[in-house]
Each structure stands twice: as structure tokens, then as C-alpha cells.
Protein chains: 2
Amino acid sequence: MATSGPRGQYAKTPQRRQEILEAAIEVFAASGYRGGSLREIADRVGMSLAGLLHHFSSKSELLSGVLTLRDEVAIRDFGSMEGPGEERVRNYLRLIIGNESERGLAELYCILSAEATAPDHPAHDYFIQRYEFVSGLMYPAFADLAAQGKLRPGVDPKQATIDLIAITDGIQLQWLLRPNVNQMGESVRRYLESVTTLEF
Amino acid sequence: MATSGPRGQYAKTPQRRQEILEAAIEVFAASGYRGGSLREIADRVGMSLAGLLHHFSSKSELLSGVLTLRDEVAIRDFGSMEGPGEERVRNYLRLIIGNESERGLAELYCILSAEATAPDHPAHDYFIQRYEFVSGLMYPAFADLAAQGKLRPGVDPKQATIDLIAITDGIQLQWLLRPNVNQMGESVRRYLESVTTLEF
DNA sequence: GTCTATAGGGGGATAGAC
DNA sequence: GTCTATCCCCCTATAGAC
């Protein structure tokens, strides 16, 4: 066993793995997990199906790789996880507005989360945990705003967390179906202004 | 040509068609259009694949049948399309609350609408038109409420229409993934109370 | 109206050469 | 690390008997 440095389990060809993951994101975004095929992903990256399966030993493992990669990027983009409530909600809105220029990413989460409502879907547990993660990030933010008197009267932090996530997911679906009709950030901004006394 | 009575184009075995459509709803709800198979639908209704294809000549035609059937039911359930704004938003909320006891239906629309964001999906145009239909139903309701001074200051009827649909779709997805966490009607009710001066 | 049989394609995954 | 060849499964759809 070599020392667990950069030549560990996944040191074979990090670059190749990255290419495969990016192609997989495109294909899964367009056709979902069920509808997307490993052959098409392999074609896009210019290799054979068997070659791809050398790097990811099964379709579901490739999906795991995609989700892990996206989590790393998203967590980095979000910025601080420790700041005050106001900073977090502003970071959230900034992230949603940023997604307006990444249609493929919105497509990916839209189709995967819908597929993953089926209990036997390989990403079922992932999406449940993802909701818990986002809730666990935003609920304290709203609770902090409440403590500072920055929530409007009658607004419950727990409900606000649920509804913020709902309007985010819903506007994303709507944006994908009718790209011309609205901008995602506007709906999320309106929602945040409707539950807080802040301006965004 | 017979007179266009009950023995028209689709009079062969209306009951058989109905059974097939109901099985198709279950299968498409669980696995989506791409993931659902005609064989499984045929099995559920206790007939062969070829037998099924005698009633619906292709998979996409079966999907059309499902969507048409659901539209008929939904339009009937919604009630009056002509009443004042207040009645319409109340009908909308009532419909959403009613859906809480029809999980299969929520699953169906959730997965099909996500799949249908792909331009080549057989239900792509259907879901675009569906958004236009619902918008065309609810925008006049909010506009009427605005004219009666029943919208809160700063609320735009057009934006309210978009956000109402967004929160509805989003809370549905969330409900499917974590059924224990919330009730769909509550989020929609909260939204309606946040944009109007009415009580629900 | 329903069936069996079959065509014809695409899917994920493995074996083994290089 | 990448390939070709192959296995076996499931898919939609059609042909034709009953």
C-alpha cells in the first residue's frame, strides 16, 4: 500500500474522471438518470463504454460521482456557513441568481430530484439528505433574523425555510419550461422581502 | 359512418381503455414516462403487451390519453372558471388540499413535468400549455382581487401568479421526498394570505 | 379484441487482449 | 488504461393466428 497521498485510490487519471463527470452531467441533465445512457456519456468524452466503466464501475457509482462533485462546487460557491442570518440569506439569493446562467445545472437537479422521489432511485437518500442539509443551513438563518426582529410579524422561521426551498425549486421548473417568462432570482428575492424587513 | 354518438372512434371497449389508463398513471407516476414500460402496464391490467397496443397504438399516445383524462378530471374538480377572483383562489387552494390524499397524482405531475423540460419529450408542449392555462386562470383572479383592493400593497398580480404556481410545484416535490415534514396546503395557504388581505 | 411470436434496437455490465 | 467482443436483459412495435 502506498501512502495515502495524491496517488491514492483515485489517482489513476483524475483528468479523465473529470471529463467523464462533466459529460455525465450533460447527459443526465438532458435525459435524467433513467433516460441517460453510459454509451452516450462515453461517446461524448471520446472513449468506449468499457473504458468509462474502468473509471466508474457502475452507472449508479457515476451518479454518485456527479452528485459529490456538484456538492463540492456548491459548498465552495455558497461561501461562509458560519456567518449571521442576514449574510446567509444574501448568499442564498446570490447563489440562485448565479444559477440563472447555468441552465444545465438547473436541468440536472430538476430531473434528478423528481426521479429521486421514487424510493428505489439510487439518488433517493441523497436528495432527502440534501433537503435536510439546506434546511439545516437556512433555518438557523431565519431563526437568527427572528431573534433580531428582522422577520415580519407572524413569520415562522421553520415555515419560511420550507417555503423558501419550495419557491426555489418551483421557479426553477417554471424557468426551464418557459425560459422567457421570468427570472428565477426575482421570485426568490420577492419571497425574501415578503418574510423579512430587509432589502435585497 | 355511424352518427357520432357513444359508438364513435373510441367505443371499442371504453372500460378496458379506462383500466389501461389507470394502470398507466400508476406506472408513469412511479417511474416516469422514460422509465415506465408498457409491459408493466399491460401486466397490471392483466393483458399482453400486444393487447394493450391494440387500444393505444404507441407509448406516447398512451401518455396523451393519460394527460387528457387527468385534464378532464381536474377541470371538473376545479369548479367554476367564471367566478370572481376570490372564489378562484379559494378553489385553487381547495384543489391543492385535495391533492394531499392523492399521492400518486402528485408523483405523476412531478416526474412528468421535470422530464418534459427536455424539448424532445412527448409531453413538452403539453406542459408549456398547461402553465399557460393555469396562469390564464389565476392571473385574472389576482387582477380582480387587485381591482377590489384585496391584494396587499406592492403585490403585482402577474408576479403573484408566477410565484403561486412556483410554490405549489416546489412544495409538491418537497412533500414527495419528505412526506412527514409538511402539508402542501399549508404552504399555499400561507402564500395566499401573504399576498392578499383575505383569510383562508 | 386478444393472443403468441418475432423483429430490431438499446441498455448495463463483463472477459480478455493489448 | 483502453479497447473489441460478447452476454443477457428489457424495450417498443409489428405480423398474423384465433
Side-chain angles (χ1 to χ4, degrees), chain A residues 2 6-66 111-112 115 118 120-123, chain B residues 2 6-66 111-112 115 118 120-123:
Chain A
R7 297 180 191 279
Q9 187 181 3
Y10 290 128
K12 304 173 190 174
T13 41
Q15 188 180 349
R16 216 72 168 117
R17 276 180 67 94
Q18 190 72 18
E19 290 171 22
I20 293 169
L21 287 171
E22 284 166 14
I25 288 174
E26 291 176 12
V27 171
F28 288 154
S31 307
Y33 175 77
R34 291 191 186 111
S37 85
L38 294 180
R39 277 189 172 83
E40 185 179 349
I41 295 168
D43 285 353
R44 291 208 186 198
V45 75
M47 77 191 308
S48 71
L49 169 63
L52 184 156
L53 285 167
H54 170 76
H55 296 277
F56 297 91
S57 60
S58 73
K59 191 182 185 183
S60 67
E61 191 179 309
L62 175 55
L63 177 62
S64 291
V66 165
I111 181 63
L112 289 185
E115 284 183 334
D120 63 325
H121 193 279
Chain B
R7 298 180 189 280
Q9 186 179 3
Y10 291 128
K12 305 173 189 174
T13 42
Q15 187 180 351
R16 218 68 170 119
R17 277 180 66 95
Q18 191 72 17
E19 290 170 22
I20 294 169
L21 287 172
E22 284 166 14
I25 288 174
E26 291 176 13
V27 171
F28 288 154
S31 308
Y33 176 75
R34 291 190 185 112
S37 85
L38 294 181
R39 269 193 174 83
E40 186 179 348
I41 296 167
D43 285 353
R44 290 206 185 200
V45 76
M47 75 191 308
S48 71
L49 169 63
L52 186 155
L53 284 167
H54 170 75
H55 296 277
F56 296 90
S57 61
S58 74
K59 191 181 185 183
S60 67
E61 190 180 309
L62 175 55
L63 177 63
S64 291
V66 165
I111 181 62
L112 289 185
E115 282 184 333
D120 62 326
H121 192 280

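We name chains A, B, ... by the order of the sequence lines, and we start the count at 1 in each one. Hydrogens, waters and symmetry mates play no part in the numbers below; they use all other heavy atoms, side chains included.
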So which of residues 19-36 of chain A are in contact with DNA chain D, with a heavy-atom cut-off of under 4.0 Å?
->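 Residues of residues 19-36 of chain A under 4.0 Å from DNA chain D: none.
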Residues B:L21 and B:G65: closest non-hydrogen pair is CD2-C, 3.5 Å
Taking only side-chain nitrogens and oxygens of [X], does any of them come within less than 4.0 Å of OP1 or OP2 of [N]?
X	N	value
B:H55	C:dT2	yes
B:H54	C:dG1	yes
A:S37	C:dG11	yes

Could you check how far [atom1] of [X] sits from [atom2] of [N], rounded to whole Å?
X	N	atom1	atom2	result
B:Q18	C:dG1	CD	P	16 Å
B:M47	C:dG1	CE	C1'	7 Å
B:L62	D:dC11	CG	C1'	15 Å
B:F56	D:dT14	CZ	C1'	19 Å
B:I41	D:dA13	CD1	P	11 Å
B:R16	C:dC3	CZ	C1'	12 Å
B:E61	D:dA13	CD	C1'	13 Å

When you compare the side chain of [Y] with that of [X], does any pair of heavy atoms fall below 4.5 Å?
X	Y	value
A:P14	A:R17	no
A:L38	A:V27	no
A:M47	A:I20	yes
A:F28	A:K59	yes
A:L49	A:D43	no

Pairs: protein N or O with nucleotides 13-18 of chain C N or O, under 3.5 Å:
unit_1	atom_1	unit_2	atom_2	d
C:dA13	OP2	A:K59	N	2.8

Sugar-phosphate only, base, or nothing, as touched by B:S48 at under 4.0 Å among non-hydrogen atoms =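 Result for B:S48 = base.
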Under the salt bridge (Lys or Arg N to Asp or Glu O under 4.0 Å) test, residues paired with A:R39 that sit two or more places apart | none
